[in-house]
Amino acid sequence: MKPTISTIGRFVDQEVTIGAWIANKRSSGKIAFLQLRDGTGFIQGVVVKSAVDESTFEQAKSLPQESALYVTGTVQADDRAPSGYEITVTGLKVLHKAKDYPITPKEHGTEFLMDHRHLWIRQPRQHAILTIRHEVIRATYEFFHQEGFTKVDPPILTGSSPEGTTNLFHTQYFDEDAYLSQSGQLYMEAAALAFNRVFSFGPTFRAEKSKTRRHLIEFWMIEPEMAFVEHEENLQIQEQYVTYIAESVLRNCPQALAALERDTSKLENIQAPFPRITYTDAVAWLQEQGFDVTWGDDFGSPEETAIAEHYSKPVFITHYPKAIKPFYMEPDPENDEVVLCADLIAPEGYGEVIGGSQRIADESLLEANLEKEGLSSEAYAWYLDLRRYGSVPHSGFGLGLERTIAWLSGTEHVRETIPFPRLLNRLYP
RNA sequence: UCCACAGUAGCUCAGUGGUAGAGCCCUCGGCUGUUAACCGAGUUGUCGCAGGUUCGAAUCCUGCCUGUGGAGCCA
């Protein structure tokens, strides 16, 4: 492979040529420092006036920010460099001279940066976050492959709402109404009965007018579903999975974490098993803390955050009341008022990163729940079929990719964890 | 949908009733180890929009628009 900034350490004392952009530059009368980036990393090119011809030095001094060029020079190990290496430049070939690059070295506001998201992703901080995104995705495939899961892709265009509660994006499917998927779960249940252990990874859409640092209109979800797996084992797989991606990020993204100044002790803490609290105990604890909640209420964001702050690890809140959870969740055999479900709440206020449950295996119970929700059993006929032909206990969960990345990378807002976020009033670029 | 805050140069902001400002960016000059480099000079305005109060409004009032943070909803 030809040299890149990320592999430059293999070329110490050799002359290399790399394609790069000018991230920034500083110069004095007889020396110029080019902050170079090539998409794989950042390195400083040092241009010494006495060591190159006149035109090369003048060019180096006059290159505007984000100009593109081929840089030829000798790789030097240097303790003064953040990455440990520098390039002593011997020649430059300018490919494109940029003009008035909008993102200057000073501060910018959110709206301006979001309007220039196509350029913003070049900046070190954004580059680091998206590097961690890649690692989470890579580790996800690796984990589920190792654990014997098959990746199955549910459809994105659907004819009906799986849960009927959240707002869906409406579109046309020739002469029919169609909606963009808000979850592939029901299809993944079908897949689990065909492949045993399956996972999906794809975009999902919520037409909610949410305006918080935890919400995107379009976001990516990982939805595993497992046949012959009950509530307890479901939680264990979630713990192992989350532990695995945290360890992978720690091991494989040290530079990105350093660039983000992430407190890595917080990530080292993410080790299975995770603490658990039942909904009922959580309500009692919240009441002690002075929260105005009664049994049967769903928790709001402040309640979730308070519970999460009580632990140094992510925490499972289990056994929610049946009435505030979707129709497909299996009732607890020991208490018919609650279901075998769990939400995983991340520490540091990042909120719910996983929602999961054991699914109802009994056809008549599922049919009764559909009716209670006012959902037509015709639209769900195929879903009921799964309870007619070899129904088994099965469980699954959904992990929100962007919230997980925000948490692991220590990013305040999920909009920076996806290359081109879709937010309320934000469809450009 | 609701609550709070904000909108002044390309960008980030100061200016709270009396002549429109600074830094960055850009241009020119200086500087051999800079790290958001630094020093000097120069260019840059529909003060979000509409109406009102006032001798006089970027500044006070009303409405609207846009953005940011949060709530609800959820991952």
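Throughout, protein chains are lettered first and strands after them, A, B, ... in sequence-line order, and every chain is numbered starting at 1. Here the structure is a predicted model, which means the values were calculated and not measured.
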Requested in this report: Just name whichever nucleotide pairs with B/U1, Watson-Crick or G-U, keeping both distances under 3.5 Å, else none.
Outcome: B/A71
I want to verify a distance call: between [options], whose nearest atom is closest to the [X] side chain?
X: A/Asn24; options: B/A36, B/A75, B/U34; answer: B/A36
X: A/Asp100; options: B/C26, B/A75, B/U32; answer: B/C26
X: A/Glu208; options: B/G10, B/U1, B/C73; answer: B/C73
X: A/Arg214; options: B/C31, B/A71, B/U34; answer: B/A71
X: A/Phe33; options: B/C74, B/G72, B/G33; answer: B/G33

**Report entry** pi-stack flag for A/Phe219 and B/A75, centroid dist under 5.5 Å, interplanar under 30°
**Finding:** yes
What does [X] touch in the nucleic acid at a heavy-atom separation under 4.0 angstrom: a base, only the sugar-phosphate, or nothing?
X: A/Ser50; value: base
X: A/Arg415; value: sugar-phosphate
X: A/Glu86; value: base
X: A/His413; value: sugar-phosphate

Query - Reported CD-to-CG distance for the pair A/Glu303 and A/Asp292, which is rounded to 0.5 angstrom - result: 9.0 Å
Hey, does the side-chain of [X] have a donor or acceptor N/O within less than 3.5 Å of a partner on the base of [N]?
X: A/Glu111; N: B/U66; result: no
X: A/Thr104; N: B/C11; result: no
X: A/His108; N: B/C11; result: no
X: A/Lys211; N: B/U68; result: yes
X: A/Arg403; N: B/C74; result: yes

Query raised in the report: Under 4.0 Å between a Lys/Arg side-chain N and an Asp/Glu carboxylate O for A/Arg80 and A/Glu86?
Result: no
Query raised in the report: Is the shortest side-chain N to carboxylate O distance from A/Asp153 to A/Lys151 below 4.0 Å?
Result: yes
Requested in this report: Using the C1' atom as the reference point in each nucleotide, state the distance between B/G63 and B/C55 in Å, no decimals.
Outcome: 26 Å
Rounded distance (Å) that lies between atom [atom2] of [N] and atom [atom1] of [X]:
X: A/Arg122; N: B/A36; atom1: CZ; atom2: P; value: 21 Å
X: A/Glu218; N: B/C74; atom1: CD; atom2: C1'; value: 16 Å
X: A/Ile31; N: B/G30; atom1: CD1; atom2: C1'; value: 16 Å
X: A/Gln65; N: B/C11; atom1: CD; atom2: P; value: 15 Å
X: A/Asp297; N: B/C74; atom1: CG; atom2: P; value: 13 Å

Query raised in the report: Is there a salt bridge (Lys or Arg N to Asp or Glu O under 4.0 Å) between A/Lys61 and A/Glu58 once you walk through the steps?
Result: CA-CA 5 Å; A/Lys61 281 188 69 167; A/Glu58 286 308 311; 5.5 Å; no
Query raised in the report: Would you call the rings of A/Tyr187 and A/Trp382 parallel, tilted or perpendicular, where under 30° means parallel and over 60° means perpendicular?
Result: parallel
Report summary line: Tightest non-hydrogen contact, residues A/Gly410 and A/Arg262, listed as N-NE, 3.4 Å
